[in-house]
Amino acid sequence: HFGERSVDSVGKDEILRFIRKYYGSSDYNFNRALRTIKPIFKYAQRKGWARVSPTAEIYARDAYTETEVLKIEEFNLASELMQTDKFRSVSAGIAILMFAGLRPSELMGNKDKPPLKWENIILKPQGAHTKPYIDVKDVNAKGSEGRLVEIEPNLVSWLEDVPKEKRTGPVLDGRGYKGFREAIGVTGKHDIFRHSYGTYHFHHFKSIDQTMVQMGHTNRKTFEKHYKRYNPEEDSAFLYWQVVPEGATVPEVVQFAAS
């Protein structure tokens, strides 16, 4: 970004402008960029290439804010857009993010992990499993610890809305994902689909243990801080699980025993 200039000539204000321009969409992105840049200048100092670090007096933002989730208006808009020609190809993937709580990297993969495939979505279980589920393999999961995510009835409706002949290969390879987020106005809101899932799953089904298992969440204190304490809009935790494609039957949602 700074061309052939010496590292010692780069100032604090320039670094701030750079971070704000390219990573200022949220406190999370700002802090992540700062964490990446700071060690570079510390290394330059140790090598004697820079007298001082321009990041020394740039501080992380207070990133703790109330958990951001999809409001009623937003998840209804998402449902409408998922059924349009423009976004129908990403509807199954978006539905999995919203109603199964997978991390984007677990769904779409990244440089270290492969994407989730349709073969890992079991809509007609046999044997020990009586409820449809998503088999998040170790190679897909964060921390390399897989899990089985039970599929709620409304998500079954979204997945069955995809023609059988198209249920092959990766569920979502990333194309169209950014455009969909822009269309519903959640660009820069990190993990809003997963946060919506965790919040509405807990506040509707009333089971911390069950929601944590579904999400692959291991820190109860962090979970309570971000999901249990959130106060959703009136009826939103119920309405969220009633979101289905047009023409589908609104499912009966059975609650878990509280814990």
Side-chain angles (χ1 to χ4, degrees), residues 70 74-142 144 146-184 186-187 191-194 196-197 200-201 213-216 239-254:
L70 294 169
E74 291 170 329
F75 63 66
N76 283 336
L77 174 60
S79 173
E80 293 174 12
L81 291 178
M82 287 157 67
Q83 298 174 82
T84 63
D85 291 340
K86 182 176 182 180
F87 293 114
R88 195 175 300 275
S89 64
V90 303
S91 63
I94 297 298
I96 287 172
L97 293 174
M98 290 176 62
F99 305 120
L102 268 65
R103 300 173 178 89
S105 61
E106 293 175 333
L107 174 67
M108 295 176 282
N110 54 33
K111 63 183 179 64
D112 300 314
K113 296 181 180 293
L116 180 79
K117 295 184 178 181
W118 274 101
E119 64 191 52
N120 301 121
I121 299 176
I122 313 300
L123 294 175
K124 306 290 185 184
Q126 298 178 353
H129 299 286
T130 59
K131 189 172 183 177
Y133 64 92
I134 299 173
D135 186 359
V136 181
K137 300 288 188 182
D138 291 352
V139 295
N140 301 111
K142 179 180 179 181
S144 299
R147 66 189 185 280
L148 301 183
V149 180
E150 293 186 349
I151 301 176
E152 298 305 327
N154 71 323
L155 178 54
V156 171
S157 297
W158 285 104
L159 298 176
E160 290 184 338
D161 197 49
V162 177
K164 287 186 178 180
E165 63 271 16
K166 293 187 177 181
R167 299 179 204 167
T168 60
V171 179
L172 181 61
D173 60 11
R175 288 177 293 183
Y177 175 64
K178 181 179 178 181
F180 184 85
R181 288 172 61 89
E182 291 174 350
I184 62 172
V186 299
T187 300
D191 271 350
I192 191 169
F193 297 127
R194 180 171 165 83
S196 299
Y197 174 87
Y200 291 137
H201 193 278
V213 167
Q214 289 281 95
M215 297 179 74
L239 295 173
Y240 192 74
W241 302 104
Q242 307 302 303
V243 175
V244 294
E246 185 177 356
T249 303
V250 176
E252 177 183 355
V253 182
V254 180

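Reckoned from all heavy atoms, side chains included, excluding hydrogens, waters and symmetry mates.
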field: Euclidean distance, Phe75 CZ relative to Phe193 CZ, rounded to 0.5 Å
entry: 13.0 Å
message: Quick check against the 3.5 Å criterion: does Asn140 have a side-chain atom that pairs as donor or acceptor with the backbone of Pro114?
response: yes
- request: Could you please spell out the steps behind the side-chain contact (heavy atoms from CB on, under 4.5 Å) verdict for Met82 and Phe180?
  value: CA-CA 9 Å; Met82 287 157 67; Phe180 184 85; 3.7 Å; yes
query: Is the backbone of Thr187 close enough, under 3.5 Å, to the side chain of Arg181 for a donor and an acceptor to pair up by distance?
result: no
message: Quick check against the 3.5 Å criterion: does Arg194 have a side-chain atom that pairs as donor or acceptor with the backbone of Met215?
response: yes
query: Within a strict 4.5 Å, meaning less than it, do heavy atoms of the Ile151 and Ile121 side chains meet?
result: yes
task: For Ile122 and Leu148, run side-chain contact (heavy atoms from CB on, under 4.5 Å): C-alpha distance rounded to whole Å, both residues' side-chain angles, the deciding distance at 0.1 Å, then the answer.
output: CA-CA 10 Å; Ile122 313 300; Leu148 301 183; over 6 Å; no
field: Residue list, side chain to side chain contact (heavy atoms under 4.5 Å, CB included) with Met108, at least two apart or on another chain
entry: Pro104, Leu172, Tyr177
- prompt: Should His201 and Phe99 count as side-chain neighbours, where that means a heavy-atom distance under 4.5 Å?
  reply: no
- request: List in chain and number order the residues that pass side chain to side chain donor-acceptor pair (under 3.5 Å) with Asp173, two or more places apart in sequence or in another chain; answer none if no residue qualifies.
  value: Arg175
- request: Please lay out, stage by stage, how Leu159 and Trp118 fare under the test side-chain contact (heavy atoms from CB on, under 4.5 Å).
  value: CA-CA 10 Å; Leu159 298 176; Trp118 274 101; 4.0 Å; yes
message: The criterion is side chain to side chain contact (heavy atoms under 4.5 Å, CB included); which residues satisfy it with Glu160, sequence neighbours excluded?
response: Leu123, Lys124, Val156, Arg167
task: Using the test side chain to side chain contact (heavy atoms under 4.5 Å, CB included), find all partners of Lys117 that sit at least two apart in sequence or belong to another chain.
output: Glu119, Asn120
- prompt: Is there a donor-acceptor pair under 3.5 Å between the side chain of Gln214 and the backbone N or O of Glu150?
  reply: yes
Qualifying residues under salt bridge (Lys or Arg N to Asp or Glu O under 4.0 Å), relative to Arg103, sequence neighbours excluded: Glu106
- line: Residues passing the side chain to side chain contact (heavy atoms under 4.5 Å, CB included) test with Pro245, sequence neighbours excluded, are Gln83, Ser157, Trp158, Asp161, Ala248
query: Taking Tyr200 for the side chain and Leu70 for the main chain, is one N or O donor matched with an acceptor at less than 3.5 Å?
result: yes
